[in-house]
Amino acid sequence: MRLIVQKYGGTSVGTPERIRHVARRLIETQQSGCRVVAVISAMAGVTDNLIKLARETSPQPEEREFDALLATGEQAAIALIAMAVNALGGKAVSLTGAEAGILTDRAHTRAKIANISPKQIHELLADDYIVVVAGFQGQNPDGETTTLGRGGSDLTAIALAGALNADACQIFTDVDGVFTCDPRVVTDAQKLEEVAYDELLEMAGAGSKVMQSRAVEFAKKFGVEFEVRSSFKSDVGTTAKEETASMEDVVIRGISVDRNQAKVTVDDVRDEAGIAGRIFSVIASGNISVDMIVQSVSKHGTTDISFTIHENDLDSATQLLTPVVKEVQAAGLITKSGVAKLSVVGIGMRSHSGVAARLFDCLGKGGINIQLISTSEIKIAVVIDGQDADRAARLTHQEFGLAKFVTQKSPLTEEE
Ligand code: ADP
Ligand code: ASP
Ligand code: MG
């Protein structure tokens, strides 16, 4: 019998009506002759509210308690889904991450899955249960609850599909699949039929939150093919898989925008061994993730080092760096919040030249100034003013002809 893992995101289980709709889908899938494991996220807005509550209650909540709190969102949702399936005459049981055998490391709030022991899931499936697993959570070696980072239910689904050797893994969400750009930003973005893991990884890392990047990383590592599709329609979605030869014919697969970034420049610092190490060690000591790093050409023995971080980390970064700037005798620290990163992604870039020129030219004609540039084999990213982000996405989308096969219909599943 086929085994299928279906993941439903927060919006898809956002109201009792939607929970019943998901329950019906789960029953139908089972009736079509499949064993079904459902991975469920907290109802829309619940995780954000829990985070807000924690911050209002304590200035610095312990990560252990933070995880214990956040995990309750998914726990409520699985119980409701199981109840809804049972009320419709189906047979379901809900499992927390720990009950499902999801073991993680000790890194609270961003735990990595270390191992899955799916014995109980197999037994329940053999007894014809629809097994409803809480996304986003696991248990560490001390028996404590951990969470897997925002958007982590995607990772639960992919990891379970891999561990159970599932025949299919479907990620149900509030859009019809992975689009050439966020359909909420570019209304004529089109749904992709397929996307290579590497492309989706770059898109997710560059701000397209349709899939959690760690989930895509896991899928790539273990070869778990999956489909992103709408929970409100029955249309096929986008298949994410290992790249095939023909995928290289498409130069640009998609465009991502990452807002709320900040740019930090250590100005006029001696061009000597060890300086960059000093700057970035202090940033790392504050657990701050650095994205783009650019060092200017050395002039008269000095250089500028610029990098981007999330806007929320700017205050801590400034505090950490101010003494270092003095210590290494740099001219100063220049910071700028409210910047955005725009990335164009496609494995076809490896075999097609001129993409950078076209991107820069298009932004230039739109009067959009580029502040930093970074590239990888399959991505070109630029930092621009946050206010220009949406317009830059639309112009670039048009420039690379990404919307040319689009129908008149809006690609959004629902009216927002
Ligand atoms: P879920 O709650 O189902 O996990 P998310 O909100 O995490 O859903 O992700 C879906 C959202 O991702 C969409 O509503 C859409 O606005 C956004 N998104 C960003 N970039 C893209 C893209 N390239 N394709 C599709 N959706 C995208
Ligand atoms: N509920 C968690 C979040 O909002 C996990 C998820 O939805 O995937 O980040
Ligand atoms: Mg998500």
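Numbers here are sequence positions counted from 1. In each ligand, atom 1 is the first atom listed, and ligand 1 is the first ligand listed.
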Determine, for Phe179 and Lys191, whether the Lys NZ or Arg CZ falls below 6.0 Å from the six-membered ring centre while staying within 45 degrees of the axis. no
Between Lys241 and Glu225, is there a salt bridge with N-O shorter than 4.0 Å? no
Do Glu28 and Arg24 sit within salt-bridge range, that is, some charged N less than 4.0 Å from a carboxylate O? no
Proximity flag Gly152 to ligand 2, non-hydrogen atoms under 4.0 Å: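 Yes, Gly152 has heavy atoms under 4.0 Å from ligand 2.
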Heavy-atom contacts under 4.0 Å between [X] and ligand 1: side chain, backbone, both, or neither?
| X | result |
| --- | --- |
| Gln212 | neither |
| Ser153 | neither |
| Lys209 | both |

Subset of ligand 2 atoms that lie under 4.0 Å from at least one heavy atom of Arg150: 3 (C), 4 (O), 9 (O)
Within the 4.0 Å heavy-atom shell around Phe136, which atoms of ligand 2 are there?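 Going through ligand 2 atom by atom, the ones under 4.0 Å from Phe136 are 2 (C), 5 (C).
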Looking at Asp176 and Ser230, would you say the former's side chain and the latter's main chain have a donor-acceptor pair under 3.5 Å?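 No: the side chain of Asp176 does not pair with the backbone of Ser230.
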For ligand 2, which is the ligand I care about here, please tell me if Thr47 has any N or O atom under 3.5 Å from one of the ligand's N or O atoms. yes
Any nitrogen or oxygen of Gly151, side chain or backbone, less than 3.5 Å from one on ligand 2? yes
Regarding [atom]: of the candidates [options], which has the closest heavy atom?
| atom | options | value |
| --- | --- | --- |
| atom 14 (O) of ligand 1 | Asp182, Thr173, Asp174 | Asp174 |
| atom 7 (O) of ligand 2 | Gly10, Ala44, Ser41 | Ser41 |
| atom 26 (N) of ligand 1 | Val345, Thr11, Val210 | Val210 |

Which is it for Glu74 and ligand 2 at heavy atoms under 4.0 Å: side chain, backbone, both or neither? side chain
Pull out every atom of ligand 1 sitting under 4.0 Å from any heavy atom of [X], numbered as shown with elements.
| X | result |
| --- | --- |
| Val175 | 13 (C), 14 (O), 25 (C), 26 (N) |
| Gly177 | 24 (N), 25 (C) |
| Gly10 | 2 (O) |
| Val178 | 24 (N) |

For Ser256, which residues count as a side-chain contact (heavy atoms from CB on, under 4.5 Å) partner, sequence neighbours excluded? Met203, Ala206, Ser208
